[in-house]
Number of protein chains: 2
Amino acid sequence: MSSEKTDTRTRILDAAWGLLESRDGPARMADIARAAGISRQALYMHFPNRADLLIATTRHIDAVKDIDARLVPSRTAETGRARLDAFVEAWGAYIPEIQGVARALMAMQEADAEARRAWADRMAAVREGCAAAVDALARDGDLAPGLSPEAATDLLWTLLSVPNWAHLTGPCGWSQADYRHAMTRLARAALVAPDG
Amino acid sequence: MSSEKTDTRTRILDAAWGLLESRDGPARMADIARAAGISRQALYMHFPNRADLLIATTRHIDAVKDIDARLVPSRTAETGRARLDAFVEAWGAYIPEIQGVARALMAMQEADAEARRAWADRMAAVREGCAAAVDALARDGDLAPGLSPEAATDLLWTLLSVPNWAHLTGPCGWSQADYRHAMTRLARAALVAPDG
DNA sequence: GTGTAAACTTGACACTGTGTCCATAGCGGT
DNA sequence: ACCGCTATGGACACAGTGTCAAGTTTACAC
């Protein structure tokens with residue numbers, strides 16, 4: 001009953017996703033509407049504005065790509081070090097999947113307060129993941145000396161930011177494997193006590 | 001002769017600078033013109049478009065704040081490690097001064113190819129500074145094992161990016177001193193061989 | 001069938017900001 | 001007096017977002 005014909009909302013979300021990930025130019029509201037097979041105005045019946053649509057798209061991607069399942073290895077890691085590695089790997093592998101939406105949302109930040117709030121909200125969730133990894137590290141006594149858990153969390157949160165991924169894989173020309181390897185190494189160097 | 005009455009171009013640049021660093025909302029062309037005491041159209045006689053104006057503003061700030069002088073300690077450092085520290089410190093202290101223009105220019109990137117090119121250009125200069133520091137480190141044999149000079153340069157370049165500064169001092173709430181301290185430590189941890 | 005409500009369409013429009021065009025004015029130099 | 005430069009004011013094209021109103025389709029109820 002619920003899904004005999006694809007829900008319009010879902011079609012919109014899929015269309016937005018597709019355009020944002022694959023597109024050359026920017027994905028405008030009209031482009032997304034056309035791709036979803038509806039009129040531009042119908043778009044506004046489902047999402048009051050662009051920021052809301054974009055943020056809903058990230059949540060949609062989260063659901064389809066099952067972000068929670070990807071984080072299981074991190075949550076179930078035995079040691080703090082393993083948890084850190086697993087988190088870096090999971091989130092680092094996830095960034096390319098949301099890269100398009102993330103870029104669009106970040107580009108709106110300067111102009112649109114709504115977009116700012118929405119993106120900050122999403123990033124707060126990432127920070128929680130960082131905090132959990134740092135806590136595990138601290139419980140093992142493996143947190144680098146002179147680094148408070150809060151500072152370590154902020155640092156990891158920053159290292160794993162989307163702009164950093166974009167910079168390394170864009171201007172720097174790194175492959176995803178390069179990124180993954182270097183970021184794992186970097187996170188360890190930044191957070192883990194130098195001891196063995 | 002040249003500067004008996006302040007050059008209009010300079011007045012524009014100062015106005016843009018002032019607005020961009022201190023402003024709540026976005027600095028539009030009309031705002032900048034008004035602040036410079038000229039008409040919006042006169043602005044376009046001096047700068048063909050917003051991207052050009054913004055990039056000229058960064059160069060203007062470079063000249064006024066004498067970026068070259070600030071980099072002297074880095075260039076004249078005796079050891080690679082000292083050079084790295086000095087570079088991180090100099091650039092890290094400089095970011096807050098250009099933060100406003102940088103944000104405006106970065107916000108245009110998505111939409112405007114001209115802005116993209118201009119900002120990439122400016123960042124290429126920063127990368128050269130990073131490369132010089134990494135080379136000095138490599139000459140001393142102090143570059144972390146398993147890290148090529150190119151990879152190390154890219155890494156440092158990324159760590160010192162404006163978005164990272166913005167993230168730490170914005171959402172993370174760090175002070176400039178916090179940033180300076182953590183970034184110095186982080187750059188060392190990321191690039192310098194663990195040996196003493 | 002008739003009625004009604006929801007989802008959707010078409011078309012027009014307001015608004016913002018960039019960039020262009022043009023007619024004109026002031027002013028210094030020759 | 002004339003030229004050239006810099007500037008002004010006003011109008012306008014264009015893109016993109018968001019709004020509004022009138023009408024259509026569909027499905028479901030009575």
Side-chain angles (χ1 to χ4, degrees), chain A residues 1-16 19-20 23-57 101 103-118, chain B residues 1-13 15-16 19-20 23-57 101 103-119:
Chain A
M1 349 238 107
S2 62
S3 63
E4 60 159 4
K5 73 168 67 173
T6 314
D7 189 12
T8 301
R9 185 188 157 90
T10 306
R11 277 206 340 265
I12 294 172
L13 260 14
D14 282 334
L19 283 186
L20 285 163
R23 181 81 169 221
D24 352 62
R28 293 152 300 188
M29 292 300 266
D31 297 328
I32 295 168
R34 193 169 342 103
I38 59 170
S39 67
R40 195 172 70 87
Q41 284 63 23
L43 212 48
Y44 286 98
M45 293 176 166
H46 293 270
F47 305 95
N49 55 54
R50 203 174 125 92
D52 273 41
L53 168 56
L54 292 185
I55 207 68
T57 304
V101 201
R103 265 200 324 175
L105 216 30
M106 280 171 19
M108 291 183 67
Q109 300 239 71
E110 196 69 9
D112 188 333
E114 176 73 10
R116 206 150 41 238
R117 195 202 52 69
Chain B
M1 347 222 111
S2 63
S3 63
E4 60 158 8
K5 74 169 65 171
T6 315
D7 190 11
T8 302
R9 186 187 155 90
T10 306
R11 275 205 343 263
I12 294 171
L13 260 14
L19 282 185
L20 286 162
R23 181 81 168 217
D24 353 61
R28 292 153 300 188
M29 292 300 265
D31 298 328
I32 295 168
R34 194 169 343 103
I38 59 170
S39 69
R40 195 171 71 89
Q41 285 63 23
L43 210 47
Y44 285 99
M45 294 177 168
H46 294 270
F47 304 95
N49 54 55
R50 201 174 126 92
D52 273 41
L53 168 56
L54 292 184
I55 205 69
T57 304
V101 201
R103 266 200 324 177
L105 217 29
M106 283 172 18
M108 291 182 69
Q109 299 241 70
E110 195 68 10
D112 188 332
E114 176 75 9
R116 205 150 40 238
R117 196 202 50 71
W119 182 245

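What's counted below: heavy atoms across the whole structure, side chains too, no hydrogens, waters or symmetry copies. Residue numbers start from 1 in every chain, and the chains themselves are labelled A, B, ... in the order their sequence lines are given, proteins ahead of strands.
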A:Asp14/A:Arg11 ion pair, N-O < 4.0 Å: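 Looking at A:Asp14 and A:Arg11, the cut-off is not met.
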
Salt bridge (charged side-chain N to carboxylate O under 4.0 Å, His left out) involving A:Arg40 - partner list, sequence neighbours excluded: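 Partners of A:Arg40 by the salt bridge (charged side-chain N to carboxylate O under 4.0 Å, His left out) criterion come out as none, since no residue qualifies.
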
Residue list, salt bridge (charged side-chain N to carboxylate O under 4.0 Å, His left out) with A:Arg116, at least two apart or on another chain: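 Counting only residues at least two positions away or on another chain, A:Arg116 forms no salt bridge (charged side-chain N to carboxylate O under 4.0 Å, His left out).
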
Protein-nucleotide distance ([X], atom [atom1]; [N], atom [atom2]), rounded to Å:
{"X": "B:Ile12", "N": "D:dT6", "atom1": "CD1", "atom2": "P", "answer": "12 Å"}
{"X": "B:His46", "N": "D:dT6", "atom1": "NE2", "atom2": "P", "answer": "7 Å"}
{"X": "A:Arg50", "N": "D:dG16", "atom1": "CZ", "atom2": "P", "answer": "10 Å"}
{"X": "B:Tyr44", "N": "D:dC5", "atom1": "OH", "atom2": "P", "answer": "23 Å"}
{"X": "B:Met45", "N": "D:dG4", "atom1": "CE", "atom2": "C1'", "answer": "13 Å"}

B:Leu53/B:Met29 under side chain to side chain contact (heavy atoms under 4.5 Å, CB included): CA gap, chis, key distance, verdict: CA-CA 9 Å; B:Leu53 168 56; B:Met29 292 300 265; 4.0 Å; yes

Residue whose nearest DNA chain D nucleotide is more 5′ - A:Gln41 or A:Arg28: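 The answer here is A:Arg28.
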
Identified side-chain contact (heavy atoms from CB on, under 4.5 Å) counterpart of B:Thr57 within the set B:Asp52, B:Val101, B:Ile12, B:Leu105: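 Answer to the side-chain contact (heavy atoms from CB on, under 4.5 Å) test with B:Thr57 among B:Asp52, B:Val101, B:Ile12, B:Leu105: B:Val101.
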
Positional range of nucleotides in DNA chain C within the contact set of chain B, heavy-atom, under 4.0 Å: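 Terminal contacting nucleotides, 5' to 3': C:dG17 to C:dC21.
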
Pairwise side-chain contact, B:Leu54 with B:Leu20, heavy-atom cut-off 4.5 Å (strictly under):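 A side-chain contact under 4.5 Å exists here.
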
